[in-house]
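Take a look at the structure set out below.
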Amino acid sequence: MRLSRRVFALMCLTLLAPGVATADDAASREIVAKAIENAGGEKLLAKYKASTSKLKGTLQVNGATVAFTGELSLQGANQYRIQIAFVLDGQSISFISVLNRDQGWLKINNDTIDMPAELLAETKESAYSGWVSTLVPLKDKAFQLTPFGEAEVAGRKATGINVTREGHRPVNLFFDKEKLTLVRTESRVRDETTAQEVTEESTYSEYKTVEGTQQAMKVVVKRNGKPHAEIEVEEVKLSEKLDDSVFAKP
């Protein structure tokens with residue numbers, strides 16, 4: 001994978017100046033700790049390891065913008081199920097994607113297949129990235145956190161943190177500089193239509209209190225700066241645990 005110059009520079013700092021990297025890690029962990037507190041606190045966020053959301057919005061499919069409705073279930077770092085429905089070229093399409101730890105499936109209308117190995121690996125990485133954005137996992141010292149400069153998100157200044165862990169791609173998190181709310185994530189993903197790696201940027205807004213925690217109700221996704229999806233969360237339910245049947249083969 002080709003690394004950005006900034007990520008490469010951070011790697012060099014880690015190798016050549018461990019004292020500086022340690023200080024940076026401490027400062028970044030302090031930002032994450034404050035963001036966790038603002039989002040509802042570690043105890044409450046850790047309690048709810050799963051969620052189910054009803055969604056609507058638009059997707060870019062084969063160069064066309066299509067409206068969709070759907071439902072998303074998440075649990076931990078390696079379980080998710082998403083089902084969406086949309087109309088493309090006059091045809092109604094139901095699409096289901098399920099990840100259950102080391103297994104994955106796709107279902108389009110009435111046809112179900114096992115995820116190809118490459119897609120399964122990509123799906124696992126995507127689930128990992130989403131899990132990182134829940135913030136509480138970052139309390140684990142297995143994650144290295146280092147500053148990633150500042151950015152402007154929706155007209156406000158945001159502080160960036162680069163998250164790395166052995167065996168996974170880097171993830172960049174951006175927090176509103178004043179509120180310390182998570183407002184953006186960035187990571188490299190494999191685009192399913194071109195089979196090329198691209199930068200995926202997800203911007204979060206319209207936070208709402210759910211079970212004492214702060215949940216983003218709008219997500220705008222871009223790939224290499226171009227629109228990819230706009231998602232509205234109509235309803236979100238938090239759970240301590242979802243039944244294993246949720247992540248069964250569809």
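Heavy-atom basis, side chains included; hydrogens, waters and symmetry copies ignored.
Residue N162 forms a side chain to side chain contact (heavy atoms under 4.5 Å, CB included) with just one option from V171, L145, L173, N172, and that option is N172. The side chain to side chain contact (heavy atoms under 4.5 Å, CB included) test with S202 is passed by exactly one of V220, T185, I231: T185.
Inter-residue side-chain proximity for T69 and L55 is flagged as unmet; no heavy-atom pair is nearer than 4.5 Å. D114 places a side-chain heavy atom less than 4.5 Å from the side chain of K249. Looking only at side-chain heavy atoms (C-beta outward), L106 and F95 come within less than 4.5 Å of each other. At a threshold of 4.5 Å between non-hydrogen side-chain atoms, the residues T123 and E125 do not count as touching. When side chains are defined from C-beta on, L99 counts as touching L120, because their heavy atoms get closer than 4.5 Å. A 4.5 Å side-chain heavy-atom check between L44 and E211 finds every atom pair outside the cut-off. Counting heavy atoms from C-beta on, the side chains of V210 and L238 come closer than 4.5 Å. Side chains of R190 and E200 form no contact here, defined as non-hydrogen atoms less than 4.5 Å apart.
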Margin query: I'd like to know whether S205 forms a side chain to side chain contact (heavy atoms under 4.5 Å, CB included) with K218, so could you lay out the CA-CA distance, the side-chain angles of the two residues, the decisive distance to 0.1 Å, and finally the verdict.
Written below: CA-CA 5 Å; S205 62; K218 184 174 182 179; 3.6 Å; yes
Item to complete: Could you walk me through whether Q214 and T209 pass side-chain hydrogen bond (donor to acceptor under 3.5 Å, both in side chains), step by step?
Response: CA-CA 5 Å; Q214 294 298 306; T209 301; 2.7 Å; yes
For this session: Could you walk me through whether I93 and I84 pass side chain to side chain contact (heavy atoms under 4.5 Å, CB included), step by step?
Result: CA-CA 8 Å; I93 298 175; I84 63 173; over 6 Å; no
> Given the rule in the side chain to side chain contact (heavy atoms under 4.5 Å, CB included) test, do E234 and M217 qualify, once you have shown the distances and angles that lead to the verdict?
Replying inline: CA-CA 7 Å; E234 296 186 295; M217 305 302 285; over 6 Å; no
(message) Under the criterion salt bridge (Lys or Arg N to Asp or Glu O under 4.0 Å), I'd like the reasoning laid out for E42 against K47: C-alpha separation, chi angles, the key distance, then a yes or no.
(response) CA-CA 8 Å; E42 181 178 357; K47 175 183 176 181; over 6 Å; no
Set out, in order, the CA-CA distance, both residues' side-chain angles and the distance that settles side-chain hydrogen bond (donor to acceptor under 3.5 Å, both in side chains) for S73 and Q75, then state yes or no.
CA-CA 7 Å; S73 297; Q75 183 160 266; over 6 Å; no
**Prompt:** Going through the distances and angles, do I96 and I82 end up as a side chain to side chain contact (heavy atoms under 4.5 Å, CB included)?
**Reply:** CA-CA 6 Å; I96 301 174; I82 185 166; over 6 Å; no
Given R223 and E201, is the salt bridge (Lys or Arg N to Asp or Glu O under 4.0 Å) satisfied, shown in steps? CA-CA 6 Å; R223 288 188 173 178; E201 169 192 294; over 6 Å; no
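Scanning both residues, A67 and F86, for their nearest heavy atoms gives O-CB, 3.2 Å. Smallest separation of non-hydrogen atoms from W105 and P250: CB-CD, 3.7 Å. Nearest heavy-atom pair, L242 versus S51, reported as atom, atom and distance to 0.1 Å: CD1-O, 4.0 Å. Heavy atoms only, all atoms of each residue included: A35 and L180 are closest at CB-O, 3.3 Å. Nearest heavy-atom pair, V183 versus A158, reported as atom, atom and distance to 0.1 Å: CG2-CB, 4.0 Å.
Atom CG of D89 is surrounded by 12 or fewer heavy atoms from other residues, nucleotides or ligands within 6.0 Å. Within a 6.0 Å sphere centred on CD of E192, other residues, nucleotides and ligands contribute more than 12 heavy atoms.
V61 and V87 fall into different hydrophobic clusters, where Ile, Leu, Val, Met, Phe, Trp and Tyr side chains are chained together by heavy-atom contacts under 4.5 Å. With hydrophobic clusters built from ILVMFWY side chains whose heavy atoms lie under 4.5 angstrom apart, V98 does not share a cluster with W131. Hydrophobic clustering places Y204 together with F175 (ILVMFWY residues linked when any side-chain heavy atoms are closer than 4.5 Å, directly or through intermediates).
Under the 3.5 Å distance criterion, the side-chain polar atoms of S239 are left unmatched by any main-chain donor or acceptor of K241. At least one donor-acceptor pair closer than 3.5 Å links the side chain of N100 to the backbone N or O of F247. A donor-acceptor pair under 3.5 Å is absent between the side-chain atoms of D243 and the main chain of V246, judged by distance alone. Of the possible polar contacts, none joining the E235 side chain to the S53 backbone as a donor-acceptor pair under 3.5 Å is found.
A salt bridge links K177 and E150; the closest N-O separation between the charged side-chain nitrogens and carboxylate oxygens is under 4.0 Å. Ion pair E30/K34 flagged as a salt bridge, since at least one NZ, NE, NH1 or NH2 atom sits closer than 4.0 Å to an Asp/Glu carboxylate oxygen.
Both the sub-6.0 Å distance and the 45° axial angle are satisfied by R165 relative to the ring of F143.
Here the NZ-CD distance, from K124 to Q103, works out to 9.5 Å after rounding to the nearest 0.5 Å. With rounding to the nearest 0.5 Å, the separation of OG in S94 from CD1 in I108 is 9.5 Å. If you take CZ on R29 and CD1 on I36, they are separated by 10.0 Å, rounding to the nearest 0.5 Å. Annotation: the span from F148 atom CZ to S28 atom OG amounts to 12.0 Å, rounded to 0.5 Å. A distance of 13.0 Å separates OG of S129 from CZ of R188, quoted to the nearest 0.5 Å. E186 contributes atom CD, which lies 8.5 Å from atom OG1 of T203 (distance to the nearest 0.5 angstrom).
Taking a 4.5 Å side-chain heavy-atom cut-off between Ile, Leu, Val, Met, Phe, Trp and Tyr, the cluster of V198 extends to V189.
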